[in-house]
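Everything below concerns the one structure shown next.
Residue indices begin at 1 and follow the sequence shown.
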Amino acid sequence: MLTVDMENKENGSLDVKNSVENGRPPDPADWAVTDVVNYFRTAGFEEQANAFQEQEIDGKSLLLMTRNDVLTGLSLKLGPALKIYEYHVKPLQTQHLKNN
C-alpha cells in the first residue's frame, strides 16, 4: 500500500510526501477518481472533494487542470478553490513533471 504523508503548514497548505497509504499510487497520473476524491478529503476538503467525484476527475484529468478549471469548472467557493489549486493541484503537477 502507498501513503501520502501530509503536514499542515501555517498558510493552510499541506506538505505532500509520497510513502504508502490508502492504496493510492505515488504518481497522480495513475489515480482513479476515488483516489482523487480521497486525496482531497484527507487534505481537509471534504465538501469540495464531492465536486471532483461529480466531474469524474481522475489523476490524469487532475494533472491537466488549469487554475481557471479549478476556480470556475468545479463550482467551488473561491477561497477553497484557490487553496486547492495553489497548494494541491499545482504542486502535484510540478511533482509529476519532475518525476517524469
Exercise for review: Kindly indicate, with the supporting measurements, whether the criterion side chain to side chain contact (heavy atoms under 4.5 Å, CB included) is fulfilled by L92 and M65.
Suggested key: CA-CA 11 Å; L92 286 169; M65 293 185 85; over 6 Å; no

Kindly compute the distance separating [atom1] ([X]) from [atom2] ([Y]), expressed to the nearest 0.5 Å.
X   : Y   : atom1 : atom2 : answer
Y85 : N68 : OH    : CG    : 10.0 Å
E47 : K77 : CD    : NZ    : 6.0 Å
L62 : H96 : CG    : NE2   : 10.5 Å

**Study point:** Set of residues satisfying side chain to side chain contact (heavy atoms under 4.5 Å, CB included) with respect to E86, sequence neighbours excluded
**Key:**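 If we apply the side chain to side chain contact (heavy atoms under 4.5 Å, CB included) test to E86, skipping adjacent residues, the hits are R67, K90.
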
Least distance between heavy atoms, [X] atom then [Y] atom:
X   : Y   : answer
I57 : S61 : CG2-CB, 3.9 Å
D69 : L64 : OD2-O, 4.1 Å
V89 : V70 : CG2-CG2, 4.3 Å
Q95 : P26 : NE2-O, 4.2 Å
G59 : V36 : N-CG2, 3.6 Å
A51 : L74 : CB-O, 3.7 Å

Point to revise | From CA spacing to verdict: side chain to side chain contact (heavy atoms under 4.5 Å, CB included), H88, F45 | key: CA-CA 11 Å; H88 298 281; F45 294 99; 3.5 Å; yes

Checking the side chain of [X] only, and the main-chain atoms of [Y] only, is there a donor and an acceptor separated by less than 3.5 Å?
X   : Y   : result
W31 : P25 : yes
Q93 : L63 : yes
N38 : D35 : no

Review point. Relative to each other, are the rings of F40 and F52 parallel, tilted or perpendicular (30° and 60° limits)?
Key: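 The rings of F40 and F52 lie parallel, inter-plane angle below 30°.
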
Exercise for review: List, by chain and number, the other hydrophobic cluster members for L71, where Ile, Leu, Val, Met, Phe, Trp and Tyr join if side-chain heavy atoms come within less than 4.5 Å, directly or indirectly.
Suggested key: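 Under the 4.5 Å side-chain rule, L71 groups with L78, L82.
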
